[in-house]
Amino acid sequence: MKKGFVYLVGAGPGRADLITVRGAEVLKTADCVIYDKLANPALLQFVSKNAEIIHVPKRIGEGSCTQDEINKVLAEKASAGKTVVRLKGGDPCIFGRVAEELAVLIEAGVDFEIVPGVTAAVAVSSYSGIMLTDREYSSQVTFVTGRESPGKTDTNIDWEVLAKFPGTIVFYMGMGTLDSTARQLIDNGKPADTPAAIIANTTFPNQRVVRAPLERINEECEKQKIKPPAIVVIGAAAASDIRFDWFTKRPLFGRSVVVTRDIPGNADFAAKIVRRGGNPLKFETIRIKDLTDSNDFLRTLTKIGQYDWVVFTSGNGVTTFFDALKSLGKDARVFGSAKVAAIGGRTAERLSEFGIKADFVPGVFTSRELGKQLIGFTNLQNKKILLLRSKLASNELLEILAGAGAQVDNVAVYTAIAAKSDSAWLVEGIGEGAIDWLTFASPSSVDGFFEQIGSEAVNSGNVRGASIGPVTSERLKELGITVDVMAKEHTLDGLLDAIEEAGK
Ligand code: SAH
């Protein structure tokens with residue numbers, strides 16, 4: 001039997017792309033992934049479809065029973081010959097109870113590797129500009145737990161020594177005991193006006209930072225309703241130059257943006273929003289249905305090399321087409337000498353992933369411009385053109401090309417069907433004013449959205465609507481929805497640029 005193996009992997013502090021390269025690499029090899037509350041579920045994107053995912057919601061306050069269960073599952077899965085990844089928030093070895101897990105593995109004779117991660121305190125420093133060390137004021141840092149083992153009678157924390165510690169004191173798990181921590185330090189001689197800070201949900205779009213003198217930090221956190229997970233920083237570091245805080249100045253920081261595409265499309269778009277500091281909320285409105293098993297498509301495929309131009313008007317069209325090619329045991333050579341046009345940069349990029357460099361991409365990414373500019377680019381008289389598109393695409397492109405004397409064949413490779421998602425949270429969020437933007441990247445996502453959510457729910461709230469281009473805007477207007485901004489460049493990045501420009 002294959003021997004099992006366990007990787008204890010640091011998931012990093014929150015943001016999925018802050019995992020290490022090694023961490024992401026071993027996630028791809030896992031047969032089984034065990035992850036707890038602090039590891040971002042977005043990391044499961046790296047995991048193979050066939051892997052078993054075990055979620056262990058280990059919360060503060062729960063006893064060691066859950067840890068025993070985790071240990072048991074770890075040993076069981078590895079002993080069954082599986083490659084197991086135990087994904088742990090931050091760094092596995094910082095307040096991660098790793099020794100207990102390792103003891104169980106050693107006992108069971110299971111080999112292991114530990115992959116480090118960015119620990120919360122270190123991420124806090126980068127993402128809030130609170131420098132834990134500084135040659136002027138702090139030459140040492142100490143990491144302290146705010147919560148010791150339950151049932152432990154004597155404490156490991158020497159408050160007298162800690163109160164005298166001249167560097168930066170960082171508390172993990174310190175929210176629940178903040179009041180007594182501050183009191184103990186002050187009672188033992190730490191000046192009451194020592195700078196202190198709390199950083200909650202670091203690296204996430206809902207990161208919160210509160211700064212106050214030690215004697216008032218707890219009160220201030222209660223006032224501002226700060227919730228864990230949070231790191232407490234005490235010492236001159238907590239008074240670092242406020243201008244070092246780059247993260248909360250990101251253009252979309254603190255803004256919640258609903259993305260309304262299919263599942264892979266939403267993931268793509270969400271990553272772009274995160275990069276701009278925003279909070280993406282995924283709402284699936286459409287599912288892509290592959291239509292490449294039609295006779296029409298199969299017949300077209302046999303003679304695709306006879307066309308002068310093959311035109312793709314979406315990334316989904318490209319992916320569906322090449323998936324079909326692959327399952328038929330064919331590859332990009334079916335194009336022969338046919339030239340390939342793409343509606344925009346993203347579609348061209350998708351083509352290049354399959355080894356095709358688009359021969360033509362218009363300057364403006366709409367079907368109309370694609371038609372008009374292709375006519376300007378080359379003589380289409382009597383040329384044979386194949387459009388590989390969504391079944392729902394309009395006739396406009398076809399008419400423009402036919403008008404220039406081309407013989408156009410239009411073959412649907414996919415269609416979008418409405419999805420059914422849980423929508424209560426969204427209606428509630430809009431009602432409460434907790435959602436800033438709704439974004440629409442195609443007319444079918446508009447339809448899929450409003451089949452699930454009434455237009456009155458949108459119109460009565462403060463939420464704003466953003467559209468990728470004229471056809472999508474038209475569909476929104478038909479439904480009586482106000483389009484607050486429309487992308488100048490009809491791409492997802494263009495859509496986010498428009499939201500940024502609209503401001504708060
Ligand atoms: N192994 C983890 C720490 C686990 S203890 C690491 O290296 O980061 C859990 C504590 O970590 C929380 O109570 C909190 O103090 C801190 N923490 C984890 N993620 C955090 C986050 N995103 N923002 C702020 N603090 C976080």
Side-chain angles (χ1 to χ4, degrees), residues 7-20 23 34-43 56-64 66-67 70 85-102 114-130 132 141-150 156-157 168-182 196-211 217-218 221 224-234 237-238 245 247-248 253-254 274 277 279:
Y7 293 97
L8 291 146
V9 177
R15 241 182 100 139
D17 53 2
L18 288 174
I19 192 170
T20 63
I34 305 176
Y35 80 101
D36 61 41
K37 195 173 166 240
L38 281 177
N40 188 342
L43 285 168
V56 284
K58 194 160 76 103
R59 273 187 303 276
I60 287 176
E62 276 170 330
S64 59
T66 321
Q67 184 67 47
I70 296 171
V85 168
R86 166 79 172 108
L87 201 53
K88 294 170 82 79
D91 180 86
C93 305
I94 300 281
F95 302 128
R97 304 180 69 173
V98 132
E100 295 164 53
E101 295 180 9
L102 294 183
I114 308 178
V115 181
V118 178
T119 189
V122 167
V124 153
S125 193
S126 306
Y127 271 69
S128 68
I130 288 175
L132 300 185
V141 183
T142 179
F143 292 172
V144 187
T145 171
R147 209 177 66 99
E148 294 188 89
S149 267
N156 278 342
I157 302 176
T168 308
I169 306 173
V170 177
F171 277 90
Y172 283 71
M173 298 170 274
M175 281 295 295
T177 46
L178 186 55
D179 194 29
S180 74
T181 297
I198 296 276
I199 305 89
N201 288 312
T202 197
T203 76
F204 283 109
N206 57 347
Q207 174 172 299
R208 302 278 305 276
V209 182
V210 173
R211 299 185 189 216
I217 189 73
N218 186 53
C221 283
Q224 301 204 27
K225 300 195 167 67
I226 301 297
K227 299 255 159 40
I231 287 286
V232 183
V233 179
I234 298 168
D245 171 6
F247 181 50
T248 58
F253 182 81
V274 168
N279 182 23

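Order of appearance sets the numbers: ligands from 1, and atoms from 1 within every ligand.
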Geometric N/O contact Ile199 with ligand 1, under 3.5 angstrom: no
Proximal candidate to atom 12 (C) of ligand 1 [heavy atom criterion; set Met175, Gln207, Arg208, Met173]: Met173
Under-4.0 Å heavy-atom contact with ligand 1, by part of Asn201 that carries it: backbone
Proximity flag Pro13 to ligand 1, non-hydrogen atoms under 4.0 Å: yes
Contact atoms of ligand 1, heavy-atom distance to Thr119 under 4.0 Å: 6 (C), 7 (O), 8 (O)
Side-chain touch Ile19/Val115, heavy atoms, less than 4.5 angstrom: no
Name of the residue among Ile130, Thr202, Val170 meeting side-chain contact (heavy atoms from CB on, under 4.5 Å) with Ile231: Val170
Of the listed options Ala120, Ala39, Ala230, closest to atom 14 (C) of ligand 1 (non-hydrogen atoms): Ala230
OG1-CD1 distance between Thr119 and Ile94, expressed to the nearest 0.5 angstrom: 5.0 Å
Asn40 side chain reached by Phe204 side chain, heavy atoms, under 4.5 Å: yes
Atoms in ligand 1 flagged as close to Phe95, the criterion being non-hydrogen separation under 4.0 Å: 4 (C), 5 (S)
Student check: side-chain heavy atoms of Gln224 and Ile198 closer than 4.5 Å: no
Any Arg86 side-chain heavy atom under 4.5 Å of Val56 side chain: yes
4.5 Å side-chain heavy-atom contact, Tyr35 and Pro41: yes
N/O separation below 3.5 Å, Thr202 to ligand 1: yes
Within-shell test, Gly89 vs ligand 1, heavy atom, strictly < 4.0 Å: yes
Best match, Pro228, Pro229, Gly10: closest heavy atom to atom 24 (C) of ligand 1: Pro229
